[in-house]
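Taking it in order: structure first as C-alpha cells, then the write-up.
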Amino acid sequence: MAYSETKVVIGGLAHIPIIIGFFYLIRRQYSFGAMLRTGKNALSEKVKASPSKASAPKKAPAASKTAAPAKAAAAKTAAPAKAAASKKPHADVPVNTYKPKAPFTGTVTENYSALKEGAIGKVQHITFDLSGGDPEFKYVEGQSCGILAAGEDAKGKPHRPRLYSIASTRYGDNFAGNTLSLCVRQLQYEKDGETINGVCSTYLCNLSPGDKVKISGPVGKEMLLPEEEDSNIIMLATGTGIAPMRAYLRRMFEPTEIEKHQWNFKGKAWLFMGAPKTANLLYDADFEHYKSKFPDNLRYTKAISREQKNTKGGRMYIQDRVLEHAEEIFNMIENPKTHIYLCGLKGMEPGIDDAMTTAAAAKGLDWSELRPILRKAGRWHAETY
Ligand code: FAD
Ligand code: A2P
C-alpha cells in the first residue's frame, strides 16, 4: 500500500502526544514507587514546585490508563516486602493457641461502663484473668479473641464465637501480663416494635467479676504494630474500633508500659476518633493525658457526629476530619515509615475511601492505585465489622 509523504508526517506527529503522555505516567509512578521505598518526599517537592497543581483538587487520572505503571510500582514496593517476608516479621506472634472447640476459660476481674453520663447506648470495658493456661494465653497489641457466649442458639447448638478486638497491651491493664481487656458495645436494635439484644455483646456486657468465660484465640495479624520505634501511626477509629488503638496508645505512651518493654516509640501518632457524643468518647481522658505528656508525638482529633457539623452542615464524621487534614496526612503517608490503621464500623470504609480519594487527588495521586500499594507494603491495616 502506498503512503503519501504528508500522510506519513501527519501519522508520525499524531503519536507525539501519546508518547509524551506515556513517559509522564511512567515518571509519575516511578517517583511514587521511589518515594515509598526511600521516604524521599519527591511528590510534595514536585507539588510545591508547581503551586497551580497543588492548589485546586484535580481529577485523578483514569485507573485504566495508569494500570500498568501502577502494577510496576506495586511490584517494586512488593519486592522489599518479599525480602522482609523472608525475615518473617511477627513470625513469633501467637495465633489460635486456643481453638473455639477447646477454648480457654478466663475469669472476669472487672466490668465497668466506658461511657460518661448522658452517652448513647451501653459500652463496657471488661477484663479477664488469663492465668493458669497450659499453654499460656499470650497475645500482642492489635489481635482479637473469640468469645463463646454461654447457652445455646435457637437450634440448641452452642453459640458460635464472636470476635472482639483486644483493648489491652500484652502486659494487660495491670501490667502483670496475665489479663486481657475488651471494649464491647451492646448490640440493640428494634424489630417489629420489639427491642432485640445481640447474643454475645449482651452476655459480655452483663458479666460480673468472678464469672467464667470461654475465650478462643488470639487471632489476627492484620492490625499488628510495626516493630520500628520510629514508625508513624495514623489511627482512624469509630466507636469500639478504638479498642486496638487503645492498646497501641498504651504501648506507646503509658509510663509503666514504657518501663516494662524495650520498645520506645519515637515516631508520630495521630488518632482520629469518631463518636456520637462527647460522653461517648471512649478512653478520652487517657488520650488527653498522653497528649499533654507527649505533645510532639501524639495528635488527637475528634469527630463528634451529633454535636459537631461538617462543612456541608451534616454530621461530623472522621472522614470529614481526614479531609480537613488531607495535606498533612498525605505528607505523612509519603514517608514509608507511616502506617494507617482503620477500625470500627464497616460503613465508614466508603467514606474514608472517598476522603482519601479527594485528598490524594489534591496531590495529583490516584487513591485507587495508592491504597493497594500501601496494603501490599503492609502499611494499610483495616478491620471493620
Ligand atoms: P448477634 O446476636 O450475633 O446479632 C447480630 C445480628 O443481628 C447481625 O448479624 C444482623 O443479622 C442482626 N442485626 C444487627 N443489627 C441489626 C439492625 N439494626 N437491624 C436488624 N438486624 C440487625 N464488637 C465490639 O463491641 N467491640 C469490639 O472490639 C469488636 N471487635 C470486633 C473485631 C472483629 C475482627 C470483628 C469481626 C467483629 C468485632 N466486633 C466487636 C463485633 C462483634 O464480633 C459482634 O459482631 C457484635 O458484638 C454483635 O454480636 P452479638 O452476638 O451481640 O449480636
Ligand atoms: P452517628 O451514629 O451519629 O451517625 P458508636 O459506635 O459509639 O455509635 O460510634 C460510631 C460513630 O461513627 C458515631 O459517631 C457514628 O455517627 C459514626 N458513623 C456512623 N456511620 C458512619 C459512617 N458511615 N462513616 C463514619 N462514621 C460513621
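As the structure lists them, so they are numbered: ligands from 1, and atoms in each ligand from 1. The shown structure was predicted, so the numbers you read here are calculated from the model rather than taken from an experiment.
- Counting protein heavy atoms only, atom 14 (O) of ligand 2 is closest to Ser305 OG, 2.8 Å.
- Side chain to side chain, Lys212 and Thr107 meet the donor-acceptor criterion of an N or O pair below 3.5 Å.
- Protein non-hydrogen atoms do not reach within 4.0 Å of atom 11 (O) of ligand 1.
- Closest to atom 19 (N) of ligand 1 among all protein heavy atoms lies Tyr189 CD1, 3.3 Å.
- In this structure, atom 9 (O) of ligand 2 lies nearest to the protein heavy atom Pro276 CD, 3.5 Å.
- The protein heavy-atom contact nearest to atom 5 (P) of ligand 2 is Arg185 NH2, 3.7 Å.
- Regarding atom 26 (N) of ligand 1, its nearest protein heavy-atom neighbour is Cys183 O, 2.9 Å.
- A cation-pi geometry, defined here as NZ or CZ lying under 6.0 Å from the six-membered ring centre and within 45° of its normal, holds between Arg246 and Tyr283.
- At a 4.0 Å heavy-atom cut-off, ligand 1 touches Tyr164 through backbone and side chain alike.
- The shortest N or O to N or O distance between Leu187 and ligand 1 is not below 3.5 Å.
- The nearest protein atom to atom 42 (C) of ligand 1, hydrogens excluded, is given as Leu163 O, 3.3 Å; this is a heavy-atom distance.
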Under the side chain to side chain donor-acceptor pair (under 3.5 Å) rule, what do Tyr385 and Thr240 come out as? Steps first, then yes or no, please. CA-CA 10 Å; Tyr385 43 86; Thr240 53; 2.8 Å; yes

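- Geometrically, ligand 1 and Glu383 share no nitrogen or oxygen pair separated by less than 3.5 Å.
- In the vicinity of Cys200, heavy-atom distances shorter than 4.0 Å reach the ligand 1 atoms 50 (P), 51 (O), 52 (O).
- The protein reaches atom 29 (C) of ligand 1 closely, with a heavy atom under 4.0 angstrom from it.
- Counted by atom type alone, Tyr317 and Thr238 present zero donor-acceptor pairs between their side chains at under 3.5 Å.
- Residue Arg160 places a heavy atom less than 4.0 Å from ligand 1.
- Counted by atom type alone, Gln186 and Thr202 present one or more donor-acceptor pairs between their side chains at under 3.5 Å.
- For atom 3 (O) of ligand 1, the closest heavy atom belonging to the protein is Arg162 NH2, 2.8 Å.
- Judged purely by atom type and a 3.5 angstrom limit, His125 has no side-chain atom pairing as donor or acceptor with the backbone of Tyr112.
- When only interatomic distances are considered, the shortest N/O to N/O separation between Leu345 and ligand 2 does not fall below 3.5 Å.
- Of all protein heavy atoms, the one lying nearest to atom 2 (O) of ligand 2 is Arg306 NH2, 2.8 Å.
- By the 3.5 Å distance cut-off applied to N or O atoms, Val184 is not counted among the residues near ligand 1.
- At the shortest separation from atom 25 (C) of ligand 2 among protein heavy atoms lies Gln319 OE1, 3.2 Å.
- Some N or O of Gly347 is nearer than 3.5 Å to an N or O of ligand 2, by distance alone.
- For Ser201, a nitrogen or oxygen atom sits less than 3.5 Å from a nitrogen or oxygen atom of ligand 1, counting backbone and side chain alike.
- The local environment of NZ in Lys302 is crowded, with over 12 non-hydrogen atoms from other residues, nucleotides or ligands closer than 6.0 Å.
- Residue contacts with ligand 1: Ala243 is placed with no nitrogen or oxygen under 3.5 Å of a nitrogen or oxygen of the ligand (distance criterion only).
- Under a 4.0 Å criterion applied to the non-hydrogen atoms of Ala275, ligand 2 contributes the atoms 13 (C), 14 (O).
- Within the listing of ligand 2, atoms 12 (O), 26 (N) sit less than 4.0 angstrom from a heavy atom of Thr238.
- With ligand atoms numbered from 1 in the order given, ligand 1 contributes 2 (O), 50 (P), 52 (O), 53 (O) to contacts under 4.0 Å with heavy atoms of Gly198.
- Under a 4.0 Å criterion applied to the non-hydrogen atoms of Arg185, ligand 1 contributes the atoms 25 (O).
- Where the criterion is an N or O separation shorter than 3.5 Å, residue side chain and backbone included, Ser165 meets it with respect to ligand 1.
- Counting heavy atoms under 4.0 Å from ligand 1, residue Ala167 does not touch it at all.
- In terms of protein heavy atoms, atom 2 (O) of ligand 1 is closest to Val199 N, 2.8 Å.
- In His159, neither the side chain nor the backbone holds a heavy atom less than 4.0 Å from any atom of ligand 1.
- Below 4.0 Å from some heavy atom of Gly239 lie the following atoms of ligand 2, by number and element: 5 (P), 6 (O), 7 (O), 9 (O), 10 (C).
- For atom 4 (O) of ligand 2, the closest non-hydrogen atom of the protein is Tyr317 OH, 2.5 Å.
- Scanning the protein for heavy atoms near atom 11 (C) of ligand 2, the closest one is Gly274 O, 3.8 Å.
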